[in-house]
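Inspection log for the structure reproduced underneath, given as structure tokens.
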Amino acid sequence: GKGNYPHFMLKEIYEQPGVIGDTLRSMWNPASGAIDLPPLDIDLAAISRITLVACGTSYLGAMVAKYWFEKVARIAADIDIASEFRYRDTPLEADGLAIFISQSGETIDTLAALRHAKEAGQKTIAIVNVPESTMAREADAVLPTLAGPEIGVASTKAFTCQLVLLACLVIATARARGAISGAEEARLSNAIAEVPSRAAEVLNGDEAIQALAAEVAEARDVLYIGRNTGYPIALEGALKLKEISYIHAEGYAAGELKHGPIALIDDTVPVIVVAPSDALFEKTFSNMQEVMARGGKVIFMSDAKGCAHIGKEAFATIELPHVHPFVAPILYAIPVQLLAYHVAVIKGTDVDQPRNLAKSVTVE
Ligand code: M6R
């Protein structure tokens, strides 16, 4: 049941510190303190290229992983939406690895894409939250997320568990390929180990997020912007808001704003800026200033350092704990979930069962 929560979605958001921890422990060697995946029967040192395929929020998990695989494991990684991948004739390399990400493990397009990749000679991994699902049975290897049953149609805890699992897979791949030093691996692993407690801190800031929801609920359109792994989080924020509050929302790479979408901005448009203090902070910051110069109502998500930088300029700030930039997308996923949730509650929509949507899309 929902326990003391008014909706499954809120319960599932609040379960995240626990289930992220469970997922993490399943890929962790307590004796050595190192990431240790279950045996995969796939030689990660021998793969030439990675293709990640999924739908919806799981696709945005794939997008975060693309940035990670490239930067940390120094391997080329392509991403695709399953309904596109399955009908495209992508040339796939003989030593390619294809990774399919799905909460349910039953999404028809992702399943068809998995079959297509197998036929094309790819090694396949399924990352699923339902271990007895069709994808889990058909893939060469399975990495289960331990999010527990997710009832709300909006995916929340399954997403952050996918991210933490993918982060571990990226580190294992980097190690197998000799792409990472022991010291760097230790830094990234420590950053991952902190995620459950940092996620709990993010949830402690829920009231401040809830306080902003009334403003967003008034809007007709909302933009989300971010760079690097903050870009898929911007897309995820927009997807969450659309699907449960029915407010039109778009996510953009912050650098793309001036190529069109900035024309939408006036003083009725809230712009959510995903801006952890990382190597690209200044770039995102200047995009935010461009938005403010056009009257856009900026809601700025950053850590103490980033928020100090902005002073009183933004309409509002959401302060998150400072974390290593590698794990920032996992933490920044949470406030965009909470914001969408509180806006939907104000709008009075059916949060757990939004109109026109099904939890698992098993028809094309
Ligand atoms: O079960 P899957 O992860 O394969 O589902 C994919 C999408 O249908 C799903 O993530 C959908 O986008 C969610 N409703 C988003 O919150």
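When a ligand or atom number is given, it counts from 1 through the structure's own listing order. Just so you know, these numbers come straight off a predicted model, no measurement behind them. Note that these values count all heavy atoms, side chains included, but never hydrogens, waters or copies made by symmetry.
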Do [Y] and [X] meet the salt-bridge criterion of a basic N to acidic O distance under 4.0 Å?
X: Lys359; Y: Glu150; value: yes
X: Arg49; Y: Asp78; value: yes
X: Glu138; Y: Lys118; value: no
X: Glu70; Y: Arg74; value: no
X: Lys123; Y: Asp43; value: no
X: Arg115; Y: Glu119; value: no

Sub-4.0 Å heavy-atom approach of Thr110 to ligand 1: no
Non-hydrogen atom of Lys240 closer than 4.0 Å to ligand 1: yes
Which atoms of ligand 1 are found less than 4.0 Å from any heavy atom of [X]?
X: Ala154; answer: 16 (O)
X: Ser102; answer: 1 (O), 2 (P), 3 (O), 4 (O)
X: Ser58; answer: 2 (P), 3 (O), 10 (O)
X: Ser155; answer: 15 (C), 16 (O)

Purely on distance, is any nitrogen or oxygen of [X] under 3.5 Å from one on ligand 1?
X: Glu243; answer: yes
X: Gly105; answer: no
X: Gln162; answer: no

Tell me the protein heavy atom at minimum distance from [atom], and give that distance in Å.
atom: atom 7 (C) of ligand 1; result: Cys55 O, 3.7 Å
atom: atom 8 (O) of ligand 1; result: Val361 CG2, 4.2 Å
atom: atom 5 (O) of ligand 1; result: Thr107 OG1, 3.5 Å

Aromatic ring proximity, centroids under 6.0 angstrom, His116 and Tyr87: no
Test of ring centre spacing under 6.0 Å for Tyr252 and Tyr224: no
Part of Thr57 within contact of ligand 1 (heavy atoms, under 4.0 Å): both
Arg294/Asp266 under salt bridge (charged side-chain N to carboxylate O under 4.0 Å, His left out): CA gap, chis, key distance, verdict: CA-CA 6 Å; Arg294 283 147 190 97; Asp266 63 23; over 6 Å; no
